[in-house]
Novice: 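One structure follows; several queries about it will come next.
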Amino acid sequence: MKISNPYLNAPSGPWLRGNLHAHTTASDGRQPIQKVIADYAALGYDFLSISDHDIFTSEADYAKLDSHGLVLIPGNEVSRNGEHLLHVGADRLIEPHADRQQVIDEINASAGFAVINHPNWLADFNHCSFDSLNQWQGYLGMEIFNGTIGRLDGSPYATDKWDRLLVQRRRVWGFANDDSHLAGADIGLGWNMVGTKDRSVAGILDAMRRGCFYASTGVTISSINVAGNRIRVEASDADCIIAYEQVGREFANVATNVIEVEVPADARYVRFECLGRGRRAAWTQPFFVEAE
């Protein structure tokens, strides 16, 4: 058995906390960009991407502002004509083609990467159908948690569709973002903890491309170790950790903050959810399993 470990060579020191989905008064947010940046800095974030709808926020735009010490990542949210997706680390505005595969292809031909937004938004829990997620190729990840959807129709969570992709060994990483619009209420709901010592746009994007990050709504993962066919995960403030395989099949569950499992021989992937108080959680990226 060979286990693909996205956290291989992850730094032992502090990881970087950041949000990739935030709106300002330039589109449908309630606060100007400088106030949004200041609010995230006040919460101790390390990086932020402004993702106004079909509006590209560039390095030149950020240079006019006070970063408050944040690493500011260029980007936008492709919204018109179809399902929403983030262009993270962008170098230009991509036309919002109705054919979202064309959008993803153009993103991959330029700079940055694509993340599918809030798949389970709307009353039918289907802003982005599984058929579309399954058909599209080349996007880096999807929002398995979107904070703002918690106050709208649908579900902020999308691990159901994620598991259906992972069982096919699709390399799709799970992101947690705020999708912040309102002052205060939408900020600090979900974030990404990135394992890199390189506090730069390039360093953060590189780590995310490799899957060296985890998604969180308040639980901190202290360590992740892989040895042979065993995986050990420790989350200092978790009350319970659950191990999943196949299409969301639970194969281990402990009421402590440490779990160590032997990966099942027939598993295609495994992932871990670390659950804390008040619905706080953290999700590891998948560990894909390949027969040697």
Side-chain angles (χ1 to χ4, degrees), residues 7 10-24 29-52 57 59 61-63 65-75 86 88-89 115 141 143-148 150-151 156 173-208 211-224 233-239 257 274-285:
Y7 302 104
S12 57
W15 288 24
L16 304 182
R17 179 188 184 192
N19 175 50
L20 301 174
H21 196 168
H23 297 281
T24 76
R30 301 293 179 85
Q31 297 196 105
I33 186 170
Q34 187 64 80
K35 184 62 166 64
V36 174
I37 291 170
D39 284 350
Y40 277 99
L43 289 178
Y45 276 60
D46 298 290
F47 65 90
L48 176 68
S49 181
I50 300 298
S51 58
D52 279 314
T57 304
E59 289 184 352
D61 295 321
Y62 288 137
L65 303 166
D66 182 351
S67 71
H68 290 279
L70 294 177
V71 177
L72 298 174
I73 300 174
L86 295 177
V88 181
V115 175
E143 289 181 335
I144 57 172
F145 176 84
N146 178 295
T148 290
R151 59 176 174 80
W173 305 133
F175 290 79
N177 289 315
D178 282 339
D179 193 3
S180 57
H181 290 75
L182 304 180
D186 289 350
I187 292 178
L189 303 177
W191 54 87
N192 305 285
M193 296 296 298
V194 179
T196 179
K197 292 182 179 180
D198 185 352
R199 192 185 173 92
S200 69
V201 172
I204 293 166
L205 296 184
D206 176 67
M208 287 193 288
C212 193
F213 70 100
Y214 66 89
S216 178
T217 60
V219 169
T220 300
I221 296 179
S222 312
S223 64
I224 302 171
V233 176
E234 180 175 354
S236 57
D237 47 4
D239 297 323
N257 63 359
C274 308
L275 307 178
R277 296 182 182 180
R279 299 177 67 182
R280 295 184 180 94
W283 298 265
T284 70
Q285 301 306 331

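Values below: every heavy atom of this structure, side chains too, minus hydrogens, waters and symmetry copies.
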Novice: Take Arg151 and Leu182, measure what side-chain contact (heavy atoms from CB on, under 4.5 Å) needs, and give me the verdict at the end.
Specialist: CA-CA 11 Å; Arg151 59 176 174 80; Leu182 304 180; 3.6 Å; yes
Novice: Got a sec, which residues hit side-chain contact (heavy atoms from CB on, under 4.5 Å) with Asp61, two or more places apart in sequence or on another chain?
Specialist: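 In terms of side-chain contact (heavy atoms from CB on, under 4.5 Å), with neighbours along the sequence ignored, Asp61 is linked to Thr57, Ser58, Lys64.
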Novice: Can you confirm whether Val201 sits close enough to Val71 that some side-chain heavy atom of one is under 4.5 Å from a side-chain heavy atom of the other?
Specialist: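 Touching, per the 4.5 Å side-chain cut-off.
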Novice: For residues Tyr62 and Pro74, determine if any side-chain heavy atom of one lies less than 4.5 Å from a side-chain heavy atom of the other.
Specialist: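 SC-SC contact between Tyr62 and Pro74 confirmed.
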Novice: So, does His23 use its side chain to make a donor-acceptor pair with the main chain of Ile50 at under 3.5 Å?
Specialist: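 The answer is no, because no donor-acceptor pair under 3.5 Å joins these two groups.
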Novice: Take Asn177 and Leu86 through the side-chain contact (heavy atoms from CB on, under 4.5 Å) test and state the conclusion after the steps.
Specialist: CA-CA 11 Å; Asn177 289 315; Leu86 295 177; 3.8 Å; yes
Novice: Give, for atom SG of Cys212 and atom CH2 of Trp173, the distance between the pair rounded to the nearest 0.5 Å.
Specialist: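 Between Cys212 SG and Trp173 CH2, I get 10.0 Å after rounding to 0.5 Å.
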Novice: Rounded to the nearest 0.5 Å, how far does OG1 of Thr284 lie from CD1 of Ile224?
Specialist: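 Answer rounded to 0.5 Å: 6.0 Å.
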Novice: Give the minimum heavy-atom separation between Gly150 and Pro156, together with the two atoms involved.
Specialist: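 Gly150 and Pro156 have their closest heavy atoms at N-CB, 3.9 Å.
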Novice: Please enumerate all residues that pass side chain to side chain donor-acceptor pair (under 3.5 Å) together with Thr217, with sequence neighbours excluded.
Specialist: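 Thr217: no side chain to side chain donor-acceptor pair (under 3.5 Å) contacts found.
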Novice: Are Asn19 and Tyr40 linked by a side-chain donor-acceptor pair shorter than 3.5 Å?
Specialist: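 A pair is found: one side chain offers a donor N or O, the other an acceptor, under 3.5 Å apart.
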Novice: Which heavy-atom pair separates Ser216 from Gly218 by the least distance, and what is that distance?
Specialist: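 Smallest interatomic distance, heavy atoms only, reads OG-N, 2.9 Å.
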Novice: Measuring from atom CZ of Phe175 to atom CD of Glu143, what distance do you get when rounded to the nearest 0.5 angstrom?
Specialist: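 The CD atom of Glu143 is 9.0 Å from CZ of Phe175, to the nearest 0.5 Å.
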Novice: How close do Val219 and Tyr214 get, counting heavy atoms only, and between which atoms?
Specialist: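 So the minimum-distance heavy-atom pair works out to O-CE1, 3.8 Å.
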Novice: Using atom types as modelled and distance alone, determine if a side-chain donor or acceptor of Gln285 lies under 3.5 Å from a backbone N or O of Phe213.
Specialist: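 Checked: pair present.
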Novice: Could you tell me if Thr196 and Asp198 have a donor-acceptor pair between their side chains, going purely by distance under 3.5 Å?
Specialist: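 No, because no side-chain N or O of Asp198 sits under 3.5 Å from a partner of the opposite role on Thr196.
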Novice: What residues form a side-chain contact (heavy atoms from CB on, under 4.5 Å) with Leu189, not counting sequence neighbours?
Specialist: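 With neighbours one apart ignored, the set is Phe145, Asp178.
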Novice: Looking only at non-hydrogen atoms, find the nearest pair between Cys274 and Val233 and report the distance.
Specialist: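 Distance-wise, the nearest heavy atoms are SG-CG1, 4.1 Å.
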Novice: More than 12 heavy atoms of other residues, nucleotides or ligands under 6.0 Å from CD of Glu59: yes or no?
Specialist: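 No, not enclosed.
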Novice: Any donor and acceptor pair, going by atom type alone, linking the side chain of Ser180 with main-chain N or O of Ile187 inside 3.5 Å?
Specialist: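 No: the side chain of Ser180 does not pair with the backbone of Ile187.
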Novice: Taking all atoms of both residues into account, what is the closest heavy-atom pair of Ala215 and Ile144, and its distance?
Specialist: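 Taking every non-hydrogen atom into account, CB-CD1, 4.3 Å.
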Novice: Test your reading of the model: is there a side-chain donor-acceptor pair from Asp66 to the backbone of His68, 3.5 Å cut-off?
Specialist: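 A pair under 3.5 Å: yes.
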Novice: Any chance you could lay out the side-chain contact (heavy atoms from CB on, under 4.5 Å) test for Leu20 and Met208, step after step, and finish with the verdict?
Specialist: CA-CA 11 Å; Leu20 301 174; Met208 287 193 288; 3.9 Å; yes
Novice: Which residue is it: Thr24, Asp186, Asp39? I am looking for the one with a side chain to side chain donor-acceptor pair (under 3.5 Å) to Gln31.
Specialist: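 Single side chain to side chain donor-acceptor pair (under 3.5 Å) partner of Gln31 among Thr24, Asp186, Asp39: Asp39.
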Novice: Given side-chain contact (heavy atoms from CB on, under 4.5 Å), test Met193 with Ile221 step by step and report yes or no.
Specialist: CA-CA 9 Å; Met193 296 296 298; Ile221 296 179; over 6 Å; no
Novice: For the atom pair CH2 (Trp15) and OG (Ser222), what is the distance rounded to the nearest 0.5 Å?
Specialist: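 With rounding to 0.5 Å, CH2 (Trp15) is 10.5 Å from OG (Ser222).
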Novice: Please tell me whether Asp237 and Asn257 have a donor and an acceptor in their side chains that are separated by less than 3.5 angstrom.
Specialist: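 Short answer, no.
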Novice: Mind listing the closest non-hydrogen atom pair of Asp46 and Arg199 along with its distance?
Specialist: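 So the minimum-distance heavy-atom pair works out to OD1-NH1, 2.8 Å.
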Novice: Working to the nearest 0.5 Å, report the span between NE2 of His21 and CG of Leu48.
Specialist: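 Separation between the atoms: 11.5 Å.
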Novice: With a 3.5 Å distance limit and no angle check, can you tell me whether Ser49 reaches the backbone of Ile73 through a side-chain donor-acceptor pair?
Specialist: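 Present.
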